[in-house]
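Counting starts at 1 for both ligands and their atoms, in listed order. Just so it is clear, the structure is predicted and the values come from calculations on it, not from any experiment.
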Amino acid sequence: MKIAVLVSGSGTNLQTLIEQLHQDETSGIEIAAVISDRRKAYALTRAKRAGIPTHIVKTQDFENRVDFDAEISNLIEHYAAELIVLAGFMKLFQPLFVRKYQNRIINVHPALLPAFPGAHPVADTLAYGVKIAGVTVHFVDKGVDTGPIIAQAAVPVLDTDDEESLHNRIQVEEHKLYPKVIKWYAQGRLKVEGRKVIVKQ
Ligand code: GAR
């Protein structure tokens, strides 16, 4: 199965997908392209190092967000990617794009949704004072981090944590959970029933 990975930043999640899926022939999963909305994203270097085609699509280069989405859609179709994997991609899609790829876009979010959606989940988690943080992998719908939840993993919050230490601990779990969920998807094991996602055995 071909997937496209969309990134904005460092790309540690991309790196685990490269190592655990793309470079493991038994996975049957190929990262056909990596698309970034930021020219300086280190994720692009990681993709190039693995010989994966990269594209930069910046919002500033388009008149509106529908046109930005359309350019990404052109790339998805060009590479015949079946699944769109958001890995630290910090832009929201317009409803048209989300409808076109319903149940074909997944996201990893560093919080236990529906708690702490949005752009600063780890800081919000710490500020609230919860004792358990975590990671959520979910399908993308037209809301902000509101789509059906596929899998979650919990991480304790320590009294000594700052944003960086907590995010690092959450990322250890992200790096285990995201490749696993993508394998489930490729194996046809995910069934969406309303808000619920059933993982078939
Ligand atoms: C990850 O922790 C991911 O969960 C988060 O951005 C980070 C990207 O790290 N995504 C979001 O906050 C999406 N709302 P990476 O570039 O090292 O994979």
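- Not one N or O of Asp145 is nearer than 3.5 Å to an N or O of ligand 1, by distance alone.
- In this structure, Ile31 and Leu14 have side chains that are in contact, with non-hydrogen atoms separated by less than 4.5 Å.
- Between His167 and ligand 1, a contact under 3.5 Å exists for at least one N or O pair.
- Ring geometry for Phe93 against Phe89 counts as parallel: the plane angle stays under 30°, on a 0 to 90° scale with 60° as the upper cut.
- Using a distance-only test at 3.5 Å, with no hydrogens or angles considered, a donor-acceptor pair links the side chain of Gln152 to the main chain of Leu113.
- Of the protein's non-hydrogen atoms, Thr12 OG1, 2.6 Å is the one closest to atom 17 (O) of ligand 1.
- Selection from Gln15, His120, Met90 by nearest heavy atom to atom 13 (C) of ligand 1 gives Met90.
- Residue Gly11 has at least one nitrogen or oxygen atom sitting less than 3.5 Å from a nitrogen or oxygen atom of ligand 1, judged on distance alone.
- Protein heavy atom at the shortest distance from atom 9 (O) of ligand 1 is Gln171 NE2, 3.1 Å.
- Side-chain contact check for Ser73 and Lys100: at least one donor-acceptor pair (N or O, by modelled atom type) lies under 3.5 Å.
- Within the structure, the side chain to side chain donor-acceptor pair (under 3.5 Å) test picks out no pair touching residues 120-129 (sequence neighbours left out).
- When hydrogens are left out, the protein atom nearest atom 10 (N) of ligand 1 is Val108 O, 3.5 Å; that is the closest non-hydrogen contact.
- Of the candidates His175, Glu174, His109, it is Glu174 that places a heavy atom closest to atom 4 (O) of ligand 1.
- Using bins of under 30°, 30° to 60° and over 60° for the plane-to-plane angle, the ring pair His138/His109 lands in the perpendicular bin.
- By the 4.0 Å N-to-carboxylate-O rule, Arg169 lies close enough to Asp161 to be salt-bridged with it.
- Given atom 12 (O) of ligand 1, the protein heavy atom at minimum distance is Pro110 CD, 3.4 Å.
- Of all the atoms in ligand 1, the ones that sit under 4.0 Å from a non-hydrogen atom of Ser10 are 16 (O), 17 (O).
- Of the residues Leu86, Val34, Asp37, Asn13, the one that meets the side chain to side chain contact (heavy atoms under 4.5 Å, CB included) test with Val7 is Val34.
- Nearest non-hydrogen protein atom to atom 8 (C) of ligand 1 is Gly88 CA, 3.6 Å.
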